[in-house]
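Here is the structure we will look at.
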Amino acid sequence: MATKIDKEACREAYNLVRDDANGVSWVTFKYDGSTIVPGEQGSQYEEFVSSCTDDIRLFAYIRFTTGDAMSKRVKFVLITWIGEDVGGLQRAKIGTDKTLVKEVVQSFAKELVITDHKDLDEEYIRNELKKAGGANYDAQTE
């Protein structure tokens, strides 16, 4: 059965993360049968990491504040999580399913596919965003 997405509900969740006023810094998009729907949301990155279990696949849209001594800015990352115990067919489908998510989640600085818990390390993600961010003025103070 072809995967579908609840665009309206997912767009609302996406906009929660983009809104500066509400404190939501991440949201997941999960599978409900063959439909992608909004999953959990929260304000602490560690909460997101704990939702990435070995038996699921999901997409996450996460807000980070990055920058250097000269400027701070908000950057967004789109993560595709594929747990270790996810079967081959589901792994294969996630690539095409991601195109549905990208119809809603259109603004992000970095896109990552992660299958290992160690790669969910917040510092690793921040470094990836820093690389994607352009000029780095921290080097002038070292």
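For this chain, numbers begin at 1 and follow the sequence in order.
Proximity of a side-chain donor or acceptor of Asp6 to a complementary backbone N or O of Val37 within less than 3.5 Å is not detected. Put simply, the side chain of Asp19 never gets that close to the backbone of Asn15: no donor and acceptor are under 3.5 Å apart. In this structure a side-chain-to-backbone donor-acceptor pair under 3.5 Å is present from Arg63 to Val17. In this structure, Arg91 contributes its side chain and Val86 its backbone to a donor-acceptor pair below 3.5 Å.
Distance CD/Glu122 to CD1/Ile62: 9.0 Å, rounded to 0.5 Å. The distance from atom NZ of Lys130 to atom NZ of Lys110, rounded to the nearest 0.5 Å, is 14.5 Å. Annotation: the span from Ile36 atom CD1 to Lys7 atom NZ amounts to 11.5 Å, rounded to 0.5 Å. A distance of 9.5 Å separates CD in Gln90 from OG1 in Thr3, rounded to the nearest 0.5 Å. Between Leu58 atom CG and Asp97 atom CG the span is 12.5 Å, to the nearest 0.5 Å.
A pairwise comparison of heavy atoms in Ile5 and Cys10 identifies CG1-SG, 3.8 Å as the closest pair. Closest of all the heavy-atom pairs between Arg18 and Ser107 is NH1-OG, 3.3 Å. In terms of heavy atoms, Ser43 sits closest to Glu47 at N-OE1, 3.3 Å. Of all heavy-atom pairs spanning Glu40 and Ser51, the tightest one is OE2-CB, 3.5 Å. Taking every heavy atom of both residues into account, Pro38 and Lys30 meet most closely at O-CE, 4.0 Å.
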Check against ring-ring contact (aromatic ring centres under 6.0 Å, His included), Tyr14 and Phe29: CA-CA 9 Å; Tyr14 166 73; Phe29 303 99; 7.8 Å; no
Working for side-chain contact (heavy atoms from CB on, under 4.5 Å), residues Ile82 and Ile94: CA-CA 8 Å; Ile82 307 169; Ile94 204 156; 3.7 Å; yes
side-chain contact (heavy atoms from CB on, under 4.5 Å) between Phe76 and Tyr61, intermediate numbers included: CA-CA 7 Å; Phe76 299 92; Tyr61 187 63; 3.2 Å; yes
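Under the 4.5 Å side-chain heavy-atom criterion for ILVMFWY residues, no single connected hydrophobic cluster contains both Leu129 and Leu78. Val113 is not connected to Tyr124 by any chain of hydrophobic side-chain contacts under 4.5 Å among Ile, Leu, Val, Met, Phe, Trp and Tyr, and they are in different clusters. Val24 and Phe48 fall into different hydrophobic clusters, where Ile, Leu, Val, Met, Phe, Trp and Tyr are joined by side-chain heavy atoms under 4.5 Å apart, directly or via other members. Cluster membership for Phe108 and Leu100, using ILVMFWY side-chain heavy atoms within less than 4.5 angstrom, is shared.
A salt bridge links Glu128 with Lys131: the closest approach of a Lys/Arg side-chain nitrogen to an acidic carboxylate oxygen falls below 4.0 angstrom.
Note on ring orientation: taking the six-membered ring where Trp is involved, the planes of Phe59 and Tyr31 are tilted (angle from 30° to 60°).
A cation-pi geometry, defined here as NZ or CZ lying under 6.0 Å from the six-membered ring centre and within 45° of its normal, does not hold between Arg126 and Phe64.
By the neighbour-count criterion of 12 heavy atoms within 6.0 Å, atom CD of Glu46 is densely surrounded, having more than that number from other residues, nucleotides or ligands.
For Ile114, the side-chain contact (heavy atoms from CB on, under 4.5 Å) partners at least two apart in sequence or on another chain are Ile79, Trp81, Leu112, Asp119, Leu120, Ile125.
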